[in-house]
Amino acid sequence: MDRETDLPVPPAPVAARNPIRGPITNLETTSSSSSSSSSSAEPSLFRHVQAAFKRHRSLGIMQADGIRPRRMPQRQAIRNSAANVMPTINTDSHDVTSLSQDQTAMKNPDASVRDMQEDLSVTPPSISETISKPYDHNFKSLEAQREQPKRAVHFKDYCSMPLSAPHVEPKHDVTKRSEQFGVTKTGTTQEMEWDVCNRVEVLNVIHDEPKHLNFQNLDYDASGKSDAAFSFSSNGAIAIKDQLPQWRNFLSQPATQSSVVGTTCATTTSVHSTSAPMLNSTTYSSQPLLDCGSHAAIEPPREGHMSSQRAAEGNLEDSSNSLVKGTSRMLIDNAAISIQSSSCVMDTKVEEHQRLRDQQKAQKESGVLGNPFHVDEKGNKEGQPSGSVANVNFESQVSMNPSLDVKLEKNGNQEKVTSRSGTSGPRKRNSDPDAFFVVNGTRYQKLGKIGSGGSSEVHKVISADCTIYALKKIKLRGRDYATAYGFCQEIEYLNRLKGKNNIIQLINYEVTDKKLLQDVINGSISNKDGKVKDDACIYMVLEYGEIDLAHMLSQKWKEMDDSSQTIDHNWLRFYWQQILLAVKTIHDERIVHSDLKPANFLLVKGSLKLIDFGIAKAIMSDTTNIVRDSQVGTLSYMSPEAFLCNELDANGNVIKCGRSSDIWSLGCILYQMVYGRTPFSQYKAFWSKLKVITDPNHEITYEPVSNPWLLDLMKKCLTWDQHKRWRIPQLLKHPFLAPPAAAPAPQPSLSEQQGFKLLQLVAEACSGDHEAATFCSELQQLLSAPVAPELLTSRAQQRSVLGNMTRLCGKIEECLMKLEKD
Ligand SMILES: Nc1ncnc2c1ncn2[C@@H]1O[C@H](COP(=O)(O)OP(=O)(O)OP(=O)(O)O)[C@@H](O)[C@H]1O
């Protein structure tokens, strides 16, 4: 929605429509009047102003349901989009919705008057509540969104401000404050209250941090939205005029932004166009509203606690001063009592604000900066020693971009907001060590835990350049040195595999036990009996993967179960090829992964990438195998030789593991992709599983599949004898993957086709009967297996084959009969 279309017709320039101050003066004396003509001058005008002002509030207070659902996400998003950005005058207390409402009211003055009368019962805005929040949240957001180079300077300034400074309170805090003032608590109320608060904060900031203030935001577009800004300027804020083009530019932003930022403007407009039929008078009235509006109530605090700073603030200070006075007058008439009570609260808030400022100052002096991603040269963050590390390869990729820091700070806000519900004390987000990881001098903000593996926990994090990463943290406490060394080797492998696009990329890392890392870099354990430091950890910042293959598969199978489809072979080919290529990459680097399983293939931007080199081993250059101290891997995917590693085989040779061990695991993965379960899933207990896997005579069950090449491919990977198992280069050329034109699949004859079809129908009829499925599968294998004619020359051979078939057919028939009876 474009702002221009929603705003009322721009009022004429201010200069043409005096007396700006006249009605205000009258406001002081006639505010109680409720029966003036709408066309008359000051009393009426005042009433309109009052009504508009209250309407402004009442929109928030009373019309919650109508407005909020539509606007809230945007506003919320904007609020959340940045924090600690330079504050600017927030004009957000009205919005497009309110304007259109006001326009409706304008068409019906009677209704408008009724509204106004109702509105009079509403507690006027009270500002004291906001005094502890010097930053304008919405404007910060807008600043962050617009990212104008010119403003980046301001961002910089603000990024250097201590983050522990008073901040925008969370919404629920606002609600709490609303209760203080007896305001109806509704969604919109909160929002509107918030807006009011924000405006107040701005003035605070003006006084608090004059050098940071971006005056352009105080300005106002006279061309269409309101002329009130000129009054502001005329009070001395000449700098504002200079910034007019930016402000105009800003106002031409889409409506969402405008509505958020356009408080002053909106307030003004509602006064002009809605509450009062007299555009001119309301226009004038708008100025005080613009200038002070809800700010009025912060006048006392400004006087009270910031007077010493004022002298330095010059014109701007003057102008804001006078504005405050103007608004105060208006409020007095309408809600003196409220203001009084507000003032009490306000005083408290002022004190609190002062206290926060003192804290902030102390932090500044002690050199503690508020940037949550700031880490000093030694990689230290507040009071926390960094374990910056002898990192040979790593160059920090994260720049300390202040504007980005701002966005990130938002996350801190959000986290804090949720955890600080109802509190109004100073924020400590900046010093909350739990919110961040520091890896090699760079901060990463935690976004949540992704999962944990056998040895690690993995977190989703965001860096200062707003990139999402996965951060793997391995605690080494209680590990022996050799195990810790093994974990640390993952870094080495990942460094070796840098730039390989089917391997997860290591972005940054740190090993807090430097000696351990040095040993890994040197390739030897200097002290086998060495101890790992108790609090030692390994941190790895990795590319972030959206989903792993295990989850993809379970989703796929769920879909298939729901729609009774069979596996799509093209889907299978697509991912199988990626899996093979990823494993080829590490095998080419002489690395055996040893723990290949669907959970260790992550989908990153549509491509599968291999992760978790925690138990990977490098193959010595003079051999093709690795020797392991222990059996490792995930049981269901472990090769027979992985169980038997270092044992002697039938010929008395030591059983070793090598690349072919990974191929077996790949066979298990492929099997799972095809059938939805692993080849030995029916054996639940550890020992029974181990027994069948290590039994060379055990036959894996393959249920019938429509493509015989697929069956063949699984068998090639799951060949028990590791020396006969196919390798990656062969697998990549297997006919299942090769395009049909290059390697046409064997075409079964018509009779074969009919036979297979019949068998498939029978298999389907027996579905659920594991035994029957196995017989069908065996029969299909028997029928489809390529048989050399010379092997079937003797009657005995032919009888044997036929006998086998008959036996299987008989068994299948028995199963069918049994099923029939059931
Ligand atoms: N880069 C990443 N992006 C997204 N998620 C990840 C990433 N790395 C790991 N994970 C998630 O964290 C889980 C554990 O990670 P990983 O397998 O590396 O830890 P591990 O301790 O070695 O686990 P295990 O030894 O049990 O396999 C993974 O299954 C995966 O879901």
Side-chain angles (χ1 to χ4, degrees), residues 394 397 437 439 444-463 467-479 483-495 497-511 520 532 536-555 578-579 582-583 585-586 591-617 628-638 642 661-662 665-666 668-669 672 678:
F394 175 71
Q397 298 182 11
F437 286 108
V439 180
Y444 299 90
Q445 185 168 359
K446 291 180 189 177
L447 296 180
K449 194 163 163 182
I450 301 169
S452 39
S455 49
S456 66
E457 47 185 55
V458 182
H459 298 260
K460 186 175 183 179
V461 296
I462 186 166
S463 67
T467 310
I468 303 281
Y469 294 111
L471 189 145
K472 183 169 174 176
K473 177 182 177 183
I474 305 172
K475 284 187 185 162
L476 299 177
R477 175 192 283 266
R479 307 273 183 190
T483 309
Y485 182 93
F487 287 141
C488 206
Q489 273 186 315
E490 184 170 9
I491 292 174
E492 204 206 337
Y493 295 135
L494 287 171
N495 270 332
L497 295 164
K498 251 189 185 143
K500 311 279 184 193
N501 59 9
N502 37 30
I503 309 297
I504 207 80
Q505 291 298 293
L506 180 66
I507 308 300
N508 191 2
Y509 67 87
E510 179 173 336
V511 182
V520 170
V532 190
C537 282
I538 299 172
Y539 297 95
M540 282 177 264
V541 180
L542 302 156
E543 260 183 306
Y544 177 73
E546 295 106 42
I547 186 172
D548 63 40
L549 185 61
H551 283 92
M552 280 168 69
L553 283 177
S554 61
Q555 276 179 16
Q578 291 192 21
I579 291 168
V583 178
T585 302
I586 61 164
I591 296 169
V592 178
H593 190 282
S594 304
D595 194 18
L596 294 178
K597 58 184 177 185
N600 282 340
F601 288 92
L602 281 188
L603 198 66
V604 182
K605 294 175 194 141
S607 302
L608 283 184
K609 298 199 177 198
L610 189 51
I611 61 163
D612 191 8
F613 291 77
I615 56 172
K617 277 272 174 193
R628 287 201 166 272
D629 299 332
S630 55
Q631 284 93 35
V632 282
T634 304
L635 213 55
S636 294
Y637 304 88
M638 270 172 75
S661 186
D662 277 349
S665 306
L666 289 184
C668 296
I669 294 172
Q672 188 179 355
T678 50

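Whatever order the structure lists them in is the order used to number ligands and atoms, beginning at 1. Nothing fancy with the numbering, it's 1 onward along the sequence.
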Check ligand 1 against [X] and write out every atom of the ligand that is under 4.0 Å from a heavy-atom position of the residue.
X      : result
Lys472 : 16 (P), 18 (O), 19 (O), 20 (P), 22 (O)
Asp548 : 31 (O)
Asn600 : 17 (O)

Lys597 to ligand 1, any heavy atom closer than 4.0 Å: yes
Are any of the N/O atoms in [X] less than 3.5 Å from those in ligand 1?
X      : answer
Leu542 : no
Glu543 : yes
Tyr544 : no

Side chain, backbone, both or neither: which part of Thr634 comes within less than 4.0 Å of ligand 1 when only heavy atoms are counted?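 For Thr634, no heavy atom sits under 4.0 Å from ligand 1.
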For a quick check under 3.5 Å, do Asn508 and Tyr444 share a side-chain donor-acceptor pair by atom type?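 Result is yes, a qualifying pair exists.
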Which is closest to atom 2 (C) of ligand 1 in terms of heavy atoms, Leu602, Leu603, Ile504? Leu602
Look at atom 11 (C) of ligand 1 and find which of Ile450, Ile468, Leu506, Leu471 reaches it with the closest heavy atom.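 Nearest heavy atom to atom 11 (C) of ligand 1 lies in Ile450.
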side-chain contact (heavy atoms from CB on, under 4.5 Å) with Leu610: of Ile586, Ile504, Leu602, Asn502, only one passes, and it is Ile586
